[in-house]
Engineer: 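This is the structure I want to talk about, given as structure tokens.
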Number of protein chains: 2
Amino acid sequence: MEITDSRVQDTFELLLHEWRSELDHRLTHLLESDKPPVLYEPIRYVLVGGGKRIRPVLLLLACQAVGGDISQAWDAAVAVELLHDFTLVHDDIMDNDDTRRGRATVHKEWTSDIAILAGDGIFALAYRVLLRTQSPRIQDVLTVFTDGILAVCEGQALDLEFETRPSVSLDDYMEMIGKKTARLMQVSTRVGALVGGGSDVSATALGRFAQHLGLAFQIQDDLLDFMSDEETLGKTYASDIRQKKQTYLMVHALSSSNQNAAQRLRALISAETSGSKVDEVVELFEESGSIQAARQAISEQVAAAKECLSVITQSREKDFLLQLLSYISKRNS
Amino acid sequence: MEITDSRVQDTFELLLHEWRSELDHRLTHLLESDKPPVLYEPIRYVLVGGGKRIRPVLLLLACQAVGGDISQAWDAAVAVELLHDFTLVHDDIMDNDDTRRGRATVHKEWTSDIAILAGDGIFALAYRVLLRTQSPRIQDVLTVFTDGILAVCEGQALDLEFETRPSVSLDDYMEMIGKKTARLMQVSTRVGALVGGGSDVSATALGRFAQHLGLAFQIQDDLLDFMSDEETLGKTYASDIRQKKQTYLMVHALSSSNQNAAQRLRALISAETSGSKVDEVVELFEESGSIQAARQAISEQVAAAKECLSVITQSREKDFLLQLLSYISKRNS
């Protein structure tokens, strides 16, 4: 019996709600100690701060998609969320972002020093939780996890490098987000497949699926920077534009065939970017076709992601992975 | 046949030289990539920057002391050195230290953002190298390693907390250095014993030995802050005093029964600590008997460390561990 799209959607939303509650519960009860408070107060602040939980959901779905039992995968699911949290805390210092998930960032609520330390602590906690996983593939799981972190650091380094590089190509940009954003999603599905006892072929396919999903996610994120509002987004409106970040839009517009628009954009971002300038930048994105190009790039990544799932046996979880892909490319927060 | 003390010393020094060369070689050739340079240049700078290599030497000695083969332990030895490097890079940002191992610290040579990222990268590299270890106890090894990092973070948090705490007791201080400094030495010998196939009793005994050695090491470090010169030490002279750090000396002197000295010290450190003030602080340390007390505390830790080795079978490596203990408590750099 084939289930309808809306049935899939309803069932998936119920499951998402259930899993997010379980994740919230586990994250809230993770800390065994609250001393010293200088370390554990900011860590707790991060753990209870909510979030979309995309990475652990990807991990759990991948585990089930290969026929695994998710009761063995919860620790790994919490671990990938912690890894994500660690990167956010440190990246927010480097990007000097003031808000995250609708609240002050750790370095704003406390200090940069405390945020460095809290990030380090969350990093170690991620391994502590992951090490609880009972799996014959634990050393492979740890290697995928560890190589992933190094790739995320490389992605963040490229992002910093772009700030001073005279010109950034779309290929450079895709490499950067492939490492900084998509890689951890790839890690999530690969770890889920390994813990679930999946074959290496399935683990690789699910990894590549999440890599494409992650690229779509990040380009959508670049769009949301100025297409969503501060409240929905939980972070500063147009923060990328204000910081002259090399986003898909910026990279595309600067290398646009519309020379006039590219030149005006270059002049705009070489000056201070005030509120009114943000609107002008957005207009130039539109004028140079960059918004359309970003939407097109998202569609391509979504199609590539779907293609990767062809080797995965049809199941409820495969439908859910496709559902998640659809959410991510259409989300507004 | 009993070997003489000077024979032990000579043989140990030869071995130390050999091991340090091997460690330098492995650290220099560790990186598989040099791109992106924003990440790998500062990491390489740290890896080739030398150091006493106490932690890997402890690990290798512990491995041999339980009858293990050190050819299985090199990756773990490199991993504990990397872990130490990661903590130095991040701590130097928090402590705002300008020099380390005779060179500019990473955040001074580059920026704080780059130093945060380089530290994170070294942290991940530590796990990558550790994961190469072939051992039936690998999950235990990883757990000891991970719990150790969290303890080091707690120690650093206590150190930050002490900056604003109205009064710090010697017990508080010993807890702080027990976590911040000694714990990683304990991790080193415990991991060495586990990789070497030692019993849990041996691993615990060697761990406790290194914990006491680490406490002696840190109190000696506190003394060297103002008893050694900048060139020998490779870092800023009297940097602890200038930063009003809660060292063994400071904590002891402030809680000294010599009320007059304690009061003058309090007045001194509430003002700006210029060069001439440093001399006055040192005089007050002397006057309040704190220098003598620190030396006494080192002797006690050395005696406790020796005691821990009583369960370890007599061997050349046991002699070497005692030799290392003796070096550490008498070092001038």
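The figures here come from the full heavy-atom set of this structure, side chains too, leaving out hydrogens, waters and symmetry mates. Here is the naming used below: chain letters follow the sequence lines, and residue numbers restart at 1 for every chain.
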Engineer: Do A/Asp200 and A/Leu194 have side-chain heavy atoms sitting under 4.5 Å apart?
Structural biologist: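 Of all side-chain heavy-atom pairs linking A/Leu194 with A/Asp200, at least one is under 4.5 Å.
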
Engineer: Check each of A/Lys108, A/Arg101, A/His107, A/Arg103 against A/Thr105 using the side chain to side chain donor-acceptor pair (under 3.5 Å) test, and report the only one that passes.
Structural biologist: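 Going through A/Lys108, A/Arg101, A/His107, A/Arg103 one by one, the side chain to side chain donor-acceptor pair (under 3.5 Å) with A/Thr105 is satisfied by A/His107 alone.
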
Engineer: Taking CZ in B/Arg128 as the centre, count heavy atoms belonging to other residues, nucleotides or ligands within less than 6.0 Å. Is the count above 12?
Structural biologist: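 Above 12, so yes.
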
Engineer: Quick check on B/Ile138 against chain A: is it the side chain, the backbone, both or neither that has a heavy atom closer than 4.5 Å?
Structural biologist: side chain

Engineer: Yes or no on ring pair (Phe, Tyr, Trp, His ring centres under 6.0 Å) for B/Tyr127 and A/Phe145, after CA distance, side-chain angles and deciding distance?
Structural biologist: CA-CA 10 Å; B/Tyr127 275 98; A/Phe145 195 79; 8.6 Å; no

Engineer: Listed by residue number, which members of residues 156-173 of chain B have a heavy atom under 4.5 Å from any heavy atom of chain A?
Structural biologist: B/Gln156, B/Ala157, B/Leu158, B/Leu160, B/Glu161

Engineer: Can A/Thr189 and A/Leu59 be said to form a side-chain contact (heavy atoms from CB on, under 4.5 Å), step by step?
Structural biologist: CA-CA 5 Å; A/Thr189 48; A/Leu59 189 147; over 6 Å; no

Engineer: Does anything in residues 34-45 of chain B reach chain A? List residues with heavy atoms under 4.5 Å apart, or say none.
Structural biologist: B/Lys35, B/Pro36, B/Pro37, B/Val38, B/Leu39, B/Tyr40

Engineer: What residue, out of B/Thr143, B/Val152, B/Ile149, B/Leu117, has the most heavy-atom pairs lying under 4.5 Å from chain A?
Structural biologist: B/Leu117

Engineer: Taking every non-hydrogen pair under 4.5 Å, which of A/Thr111, A/Asp120, A/Ile116 racks up the most with chain B?
Structural biologist: A/Asp120

Engineer: Is it the backbone or the side chain of B/Asp147 that comes under 4.5 Å from a heavy atom of chain A, or both, or neither?
Structural biologist: both

Engineer: Pair B/Ser71, B/Asp69 - check side chain to side chain donor-acceptor pair (under 3.5 Å), show working.
Structural biologist: CA-CA 5 Å; B/Ser71 72; B/Asp69 173 3; 2.9 Å; yes

Engineer: Measure the spacing between CE of B/Met176 and OH of B/Tyr248 and express it to the nearest 0.5 Å.
Structural biologist: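 Output value for this atom pair is 13.0 Å.
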
Engineer: Dump the intermediate steps for side-chain contact (heavy atoms from CB on, under 4.5 Å) on B/Lys245 and B/Met250, then the final yes or no.
Structural biologist: CA-CA 7 Å; B/Lys245 275 261 169 199; B/Met250 189 65 85; over 6 Å; no

Engineer: At under 4.5 Å between heavy atoms, what parts of residues 80-94 of chain B are in contact with chain A? List them by residue number.
Structural biologist: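 Those residues of residues 80-94 of chain B which have a heavy atom under 4.5 Å from chain A are B/Phe86, B/His90, B/Ile93, B/Met94.
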
Engineer: Would you tell me whether A/Asp97 and A/Gln243 have side-chain atoms, one donor and one acceptor, within less than 3.5 Å of each other?
Structural biologist: yes

Engineer: Once rounded to the nearest 0.5 Å, what's the spacing between atom CD of A/Gln246 and atom CG of A/Asp222?
Structural biologist: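 The distance works out to 10.5 Å.
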
Engineer: Is any side-chain heavy atom of A/Met185 less than 4.5 Å from a side-chain heavy atom of A/Gln218?
Structural biologist: no

Engineer: Should B/Val46 and B/Leu27 count as side-chain neighbours, where that means a heavy-atom distance under 4.5 Å?
Structural biologist: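 The answer is no, as the side chains (C-beta and beyond) never meet within the 4.5 Å cut-off.
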
Engineer: Would you mind reporting whether B/Ile269 and B/Ile241 have side-chain heavy atoms less than 4.5 Å apart?
Structural biologist: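 Not in contact.
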
Engineer: Could I get the full list of side chain to side chain donor-acceptor pair (under 3.5 Å) partners for B/Thr204, not counting sequence neighbours?
Structural biologist: none

Engineer: Do A/Leu47 and A/Leu30 have side-chain heavy atoms sitting under 4.5 Å apart?
Structural biologist: yes

